[in-house]
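Here's the structure we're looking at; comments come further down.
By convention in this document, chain letters (A, B, ...) are assigned in the order of the sequence lines, proteins followed by strands, and residues within each chain are numbered from 1.
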2 protein chains.
Amino acid sequence: MAAVDLTTHPGHLARRLQQAHYLLWNTMVSEEITSPQFAVLNALVAEPGLDQRTVGERVGLDRSTIAEVISRLGRRGLLDKVRDPQDGRRFLLRLTDDGVRTHRKLTVRTARMNQVFLAPLSDDEQSRFFELIRRVADAAEGLRNPAEPLVSPR
Amino acid sequence: MAAVDLTTHPGHLARRLQQAHYLLWNTMVSEEITSPQFAVLNALVAEPGLDQRTVGERVGLDRSTIAEVISRLGRRGLLDKVRDPQDGRRFLLRLTDDGVRTHRKLTVRTARMNQVFLAPLSDDEQSRFFELIRRVADAAEGLRNPAEPLVSPR
DNA sequence: CTGGAATACTCAGTGCACTGAGCAACGGAG
DNA sequence: CTCCGTTGCTCAGTGCACTGAGTATTCCAG
């Protein structure tokens, strides 16, 4: 006894949602490029020349994970990594032509997949869905990210 | 140009939601036991003596992942694994006293964490949140799981 | 009762995700 | 100009998650 109903546990639901998405992505979008990899390509289409850390911030990946994702994309020739002449710590990232092409192709497929994925919801429900998830995720991020206070932090 | 807004991509939102949850779990519930591990404990509290595959089904993990999770829980002495005398392929799983105690302790903390996690939403919004996610996840699962048809499949 | 399909599990390989520790480059205070 | 703290990145270690291939057991058809 004393077992709990996991369908009211947001963490469990989030995991199942992501698994479902992973599966659909693999069948409808690409088996080569994963969703986080696409997010990185997308960030670099929007802002070419970003450094590694900032890309990580944009797509929500920590320093270690983003390093691996980027190294994989680099190995496949989808992006270039150049040391910043202004700041020898940074690597500046830029998509190759192949990277841009890949991003364009996946954008179309991703849109199709999202449509299928969200088909069980009406348009109204879809916006609510986005909004609710975003609010929960943002709030939780704020909890661990002290979000520099307006007055002196120390 | 042609970059896409990831905040309307359910996959990206799901990933961010799970990350936020992971963080909160680590600080508010446990650094030793992860959320999937708790799900397995919970399944075995509800139905002691399940086999590995069925536990995986209950919590939504594939054969390989469930094997690893269970081996970790076994190493920590939270569950026992016995060959089924009726069917030599199966392992029957059962929590140890320590496993039951751990589950009880985490149940309380998990409830507290869920409350904090969902605090940005009103009660009404919380049920809508659950329902929307569940519907999308269930539908996507149904897509790849042909869900044995009523008439002969072949 | 025997041979083959189905089932439960294992193993190897890939990829995401985080932490903690370490290194090198930068940049400001003295 | 020299310390020293901060910052960008790497590396090692742990854990989740999936696929494809392989082993052993069971079960059913003939």
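Proximity of Arg90(B) to the phosphate of dA8(C): a side-chain N or O atom is located under 4.0 Å from OP1 or OP2. Checking the phosphate oxygens (OP1, OP2) of dA8(C), a side-chain nitrogen or oxygen of Arg53(B) falls inside 4.0 Å. Between dT25(D) and Gln86(B), no contact under 4.0 Å exists linking OP1 or OP2 to a side-chain N or O. For the OP1/OP2 pair of dG8(D) and a distance below 4.0 Å, the side-chain nitrogens and oxygens of Lys81(A) include no atom meeting the criterion.
A heavy atom lying under 4.0 Å from DNA chain C marks none of the residues of residues 106-117 of chain B. Contacts of residues 7-14 of chain A with DNA chain D (heavy atom under 4.0 Å): none.
Spacing between atom CD1 of Ile66(A) and atom P of dC11(D) amounts to 16 Å, rounded to whole angstrom units. One interatomic measurement links the two molecules: CZ of Arg89(A) to P of dA25(C), which rounds to 10 Å at whole-angstrom precision. What separates CD1 of Ile70(A) from C1' of dT10(D) is a distance of 13 Å, to the nearest Å. Nucleotide dT7(C) holds its P atom 16 Å from the CG atom of Asp84(B), rounded to whole Å. Atom C1' of nucleotide dT14(D) and atom CD1 of Ile33(B) are separated by 14 Å, given to the nearest angstrom.
In this structure, Arg101(B) pairs ionically with Asp98(B), as a charged nitrogen and a carboxylate oxygen lie closer than 4.0 Å.
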### Query
Stepwise, does the side chain to side chain contact (heavy atoms under 4.5 Å, CB included) test hold for His21(A) with Met113(A)?
CA-CA 9 Å; His21(A) 175 262; Met113(A) 189 222 56; 3.7 Å; yes
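Hydrophobic clustering (side-chain heavy atoms under 4.5 Å, transitive across Ile, Leu, Val, Met, Phe, Trp, Tyr) keeps Val45(B) apart from Val82(B).
Checking dT6(D), dT25(D), dT10(C) against every side-chain atom of Asp87(B), the shortest atom distance belongs to dT25(D).
Of the residues Val108(A), Thr110(A), Asn114(A), the one that meets the side-chain contact (heavy atoms from CB on, under 4.5 Å) test with Arg112(A) is Val108(A).
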#### Entry: Base versus backbone protein contacts along nucleotides 15-20 of chain D [heavy-atom cut-off under 4.0 Å; B, S, -]
SBBBBB
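Ile33(B) has its side chain within reach of Arg76(B): a pair of non-hydrogen atoms, C-beta onward, lies under 4.5 Å apart. The shortest distance between side-chain heavy atoms of Leu132(A) and Phe130(B) does not fall below 4.5 Å. You'll find the side chain of Arg15(B) reaches within 4.5 Å of the side chain of Leu61(A), heavy atoms only. Contact annotation: the side chain of Glu32(B) never approaches that of Gln37(B) to less than 4.5 Å [non-hydrogen atoms, C-beta and beyond]. Between Arg16(A) and Asp138(B) the shortest side-chain heavy-atom distance falls below 4.5 Å.
Counting only N and O atoms by type, the side chains of Ser122(A) and Asp124(A) include no donor and acceptor under 3.5 Å apart. Between the side chains of Asp5(B) and Thr7(B), at least one donor-acceptor pair of N or O atoms lies under 3.5 Å.
Using a 4.0 Å heavy-atom distance criterion, Asp51(B) is classed as a sugar-phosphate-only contact.
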